[in-house]
Structures are given as C-alpha cells and as structure tokens.
Trainee: 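I am attaching a structure below and will ask some questions about it afterwards.
We use all heavy atoms of the structure for the numbers below, so side chains are in, but hydrogens, waters and symmetry mates are not.
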Amino acid sequence: MLKKIESEHAPKAIGPYSQAIVAQGAKMVFVSGQIPMDPQSGKVEAQGIAEQSKVVLKNLLAILKEAGVCQNYVAKTTVYLKSMDDFVQMNEEYEKVFCEHKPARVCVEVARLPKDVLVEIDAIAVI
C-alpha cells in the first residue's frame, strides 16, 4: 500500500509527482528531489550554494516530519549539483543536518536543475 505525503511546510510539487510516498508494507519513505523553493511564495529566493543547500535540507526535513520520521531514519540521499565546485559548501550544510547519522549518499554534477537552482536533494528513509 502506498501513501502520498504532502507537507505545507515544503514546496508543493511543481510537476506530476508527490513530495513523498510511503511504502507502508516495506516501511520506507521515498522523498522526491527538493529544490531551494520557498513553500509559501513558491519562489527560489536563496542565493549561493550554502543558502540554497540550507533551504533544500529544510524542505526535505519538513517532508520527512510529515511522514513521521526524522533525519536519523534516512538510509540514502542523492545530491544533484549544478557544479562540483560547490561540493564543499553544500557538504558543510549537509553535515549540519546529518552530523552523527551519515546516510549512504551519491553526489553528481548535472547540466541543469529545475528553475536553474544550484542543488537538489532526494532521500529514502525507513520507518
């Protein structure tokens, strides 16, 4: 059984997808890629990779909370960067959220992200 997760504390999906899906039988939460979009305005206001990373992680945590889990239940993330030159600054913000618990992670450079942002992060968590 699949359950759709929607948090008003994170941006609404900007396409035909859900913020997250809980696979109840498998006890897993699949969080769609989050970008640094403000949930209230629907705009990308954050500038620079550090600020954008903070907003992305805040949005990700809001969705996890709506699903009933915290960052310590995240098993894997994927980080998409517009430029690998931003890796160190993104990683500093990422480590503030996943300080002791360190999920498995993939980080890749991509040609372009939605709304021309600098970073997008998705996650898989267990319940």
Side-chain angles (χ1 to χ4, degrees):
M1 192 110 135
L2 301 177
K3 177 183 173 187
K4 182 178 176 180
I5 300 295
E6 290 184 15
S7 171
E8 62 185 40
H9 302 290
K12 295 189 182 318
I14 57 173
Y17 61 90
S18 301
Q19 286 178 330
I21 294 290
V22 174
Q24 293 173 317
K27 298 185 179 181
M28 298 178 78
V29 180
F30 298 87
V31 182
S32 293
Q34 295 302 301
I35 61 173
M37 197 162 66
D38 179 85
Q40 279 67 47
S41 71
K43 296 179 182 177
V44 176
E45 298 167 356
Q47 301 296 312
I49 188 63
E51 190 178 347
Q52 285 197 10
S53 296
K54 284 180 193 176
V55 175
V56 167
L57 291 161
K58 180 181 173 186
N59 291 341
L60 190 73
L61 292 175
I63 294 167
L64 289 169
K65 182 178 180 182
E66 190 71 28
V69 298
C70 69
Q71 68 268 26
N72 292 338
Y73 290 86
V74 174
K76 182 180 183 299
T77 62
T78 306
V79 178
Y80 306 91
L81 291 173
K82 188 171 182 178
S83 171
M84 284 304 267
D85 292 339
D86 292 334
F87 179 82
V88 171
Q89 286 184 288
M90 176 283 302
N91 208 46
E92 288 171 357
E93 298 305 321
Y94 183 95
E95 190 170 23
K96 290 175 186 175
V97 171
F98 297 106
C99 50
E100 303 224 0
H101 168 69
K102 294 180 175 34
R105 182 176 82 183
V106 173
C107 184
V108 296
E109 180 179 86
V110 295
R112 194 166 179 205
L113 290 165
K115 298 193 177 268
D116 290 318
V117 299
L118 303 176
V119 60
E120 179 175 0
I121 302 175
D122 67 25
I124 301 171
V126 295
I127 299 174

Trainee: So which heavy atom on Gly48 is nearest to which on Leu118, and how close?
Mentor: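 That would be C-CD1, 3.7 Å.
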
Trainee: Do you know which two heavy atoms are closest between Val117 and Lys82, and how far apart they sit?
Mentor: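 Heavy atoms only, the tightest pair is O-CD, 3.9 Å.
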
Trainee: So is Arg105 actually on top of Tyr94's ring, under 6.0 Å and inside 45° of the axis?
Mentor: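 Ring-cation test returns yes.
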
Trainee: Mind checking the NZ-OG spacing from Lys65 to Ser7? Nearest 0.5 Å is all I need.
Mentor: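 These two atoms lie 8.5 Å from each other.
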
Trainee: Once rounded to the nearest 0.5 Å, what's the spacing between atom CD of Glu45 and atom CD of Gln52?
Mentor: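 One finds 11.5 Å between CD of Glu45 and CD of Gln52.
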
Trainee: Report yes or no: do Ile121 and Leu81 belong to one cluster of Ile/Leu/Val/Met/Phe/Trp/Tyr joined by side chain heavy-atom distances under 4.5 Å?
Mentor: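 Looking at the clustering, Leu81 is in the same group as Ile121.
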
Trainee: When rounded to the nearest 0.5 angstrom, what distance separates CD1 in Ile63 from CG in Asp122?
Mentor: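 Reported value, rounded in 0.5 Å steps: 11.0 Å.
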
Trainee: Work out which heavy atom in Met90 is nearest to a heavy atom in Cys107; give both atom names and the distance.
Mentor: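 Closest pair (atom of Met90, atom of Cys107, distance): CE-SG, 4.2 Å.
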
Trainee: Between Asp116 and Arg112, is there a side-chain N and carboxylate O pair less than 4.0 Å apart?
Mentor: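 Result for this pair is yes, salt bridge flagged.
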
Trainee: Quick check on the hydrophobic clustering: are Tyr80 and Leu57 connected, directly or via other members, by side-chain heavy-atom contacts under 4.5 Å?
Mentor: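 In one cluster with Tyr80: Leu57, no.
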
Trainee: Can you tell me if Lys43 has over 12 outside heavy atoms packed within less than 6.0 Å of its NZ?
Mentor: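 Count not over threshold, so no.
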
Trainee: Is a donor on one side and an acceptor on the other found under 3.5 Å between the side chain of Ser32 and the backbone of Ser18?
Mentor: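 Judged by distance alone, yes, a pair lies under 3.5 Å.
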
Trainee: In this structure, which one of Val69, Val29, Leu2 forms a side chain to side chain contact (heavy atoms under 4.5 Å, CB included) with Val22?
Mentor: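 For Val22, the side chain to side chain contact (heavy atoms under 4.5 Å, CB included) test succeeds with only one of Val69, Val29, Leu2, which is Val29.
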
Trainee: Name all residues meeting the salt bridge (charged side-chain N to carboxylate O under 4.0 Å, His left out) criterion together with Lys4; count only those two or more places apart in sequence or in a different chain, and write none if there are none.
Mentor: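 So Lys4 forms a salt bridge (charged side-chain N to carboxylate O under 4.0 Å, His left out) with Glu6.
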
Trainee: Do the side chains of Val119 and Val97 join up, straight or via other hydrophobic residues, at under 4.5 Å, putting them in one cluster?
Mentor: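 Val119 clusters together with Val97.
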
Trainee: If every non-hydrogen atom of Pro39 is compared with every non-hydrogen atom of Ala10, which pair is closest and at what distance?
Mentor: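 Between these two residues, the closest heavy atoms are CB-C, 3.6 Å.
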
Trainee: Is a side-chain donor or acceptor of Asn59 paired with a backbone partner of Ile35 at a separation under 3.5 angstrom?
Mentor: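 Pair found, side chain donor or acceptor close to backbone of Ile35.
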
Trainee: Does the side chain of Phe98 come within less than 4.5 Å of Val74's, by heavy atoms?
Mentor: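 They are in side-chain contact.
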
Trainee: Taking the side chain as every heavy atom from C-beta outward, state whether Pro36 and Glu120 have any pair of such atoms under 4.5 Å apart.
Mentor: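 No. Closest side-chain heavy atoms not under 4.5 Å.
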
Trainee: Taking Ile49 as the starting point, is it possible to reach Val55 by hopping between hydrophobic residues whose side chains are less than 4.5 Å apart?
Mentor: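 Cluster IDs for Val55 and Ile49 differ.
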
Trainee: Is it true that Lys54 and Glu51 make a salt bridge, defined as a side-chain N closer than 4.0 Å to a carboxylate O?
Mentor: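 Between Glu51 and Lys54 there is no salt bridge, as every charged N stays at least 4.0 Å from the carboxylate O atoms.
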
Trainee: Supply the atom-to-atom distance Lys12 NZ to Gln19 CD, rounded to the nearest 0.5 angstrom.
Mentor: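 Lys12 NZ to Gln19 CD: 7.5 Å, rounded to 0.5 Å.
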
Trainee: So, do Val31 and Leu64 sit near enough that their side-chain heavy atoms are less than 4.5 Å apart?
Mentor: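 Contact flag for Val31/Leu64 side chains = yes.
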
Trainee: Answer with yes or no whether the hydrophobic clustering places Leu113 together with Phe87; edges join I, L, V, M, F, W, Y residues whose side-chain heavy atoms lie under 4.5 Å apart.
Mentor: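 No; tracing contacts between hydrophobic side chains, which count when under 4.5 Å, never links both residues.
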
Trainee: So, does Glu109 use its side chain to make a donor-acceptor pair with the main chain of Met84 at under 3.5 Å?
Mentor: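 Indeed, once roles are kept as given, a pair shorter than 3.5 Å links the two residues.
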
Trainee: With a 3.5 Å distance limit and no angle check, can you tell me whether Gln34 reaches the backbone of Val56 through a side-chain donor-acceptor pair?
Mentor: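 Pair absent, no side-chain N/O of Gln34 close to backbone of Val56.
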
Trainee: With rounding to the nearest 0.5 angstrom, report the CD1 to CE distance, Ile124 to Met28.
Mentor: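 Going from the CD1 atom of Ile124 to the CE atom of Met28 covers 5.5 Å.
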
Trainee: For the OG atom of Ser53 and the CD atom of Glu95, what is their distance to the nearest 0.5 Å?
Mentor: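 The OG atom of Ser53 sits 13.0 Å away from the CD atom of Glu95.
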
Trainee: Between Gln89 and Ala50, what is the shortest heavy-atom contact and its length?
Mentor: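 Of all heavy-atom pairs spanning Gln89 and Ala50, the closest is NE2-CB, 4.4 Å.
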
Trainee: In sequence, state the C-alpha distance, the side-chain angles, and the governing distance for Leu61 and Gln71, and then conclude on side-chain contact (heavy atoms from CB on, under 4.5 Å).
Mentor: CA-CA 7 Å; Leu61 292 175; Gln71 68 268 26; 3.7 Å; yes

Trainee: In chain order, what residues pass the salt bridge (charged side-chain N to carboxylate O under 4.0 Å, His left out) check against Asp85, with sequence neighbours excluded?
Mentor: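 Asp85 satisfies salt bridge (charged side-chain N to carboxylate O under 4.0 Å, His left out) with no other residue.
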
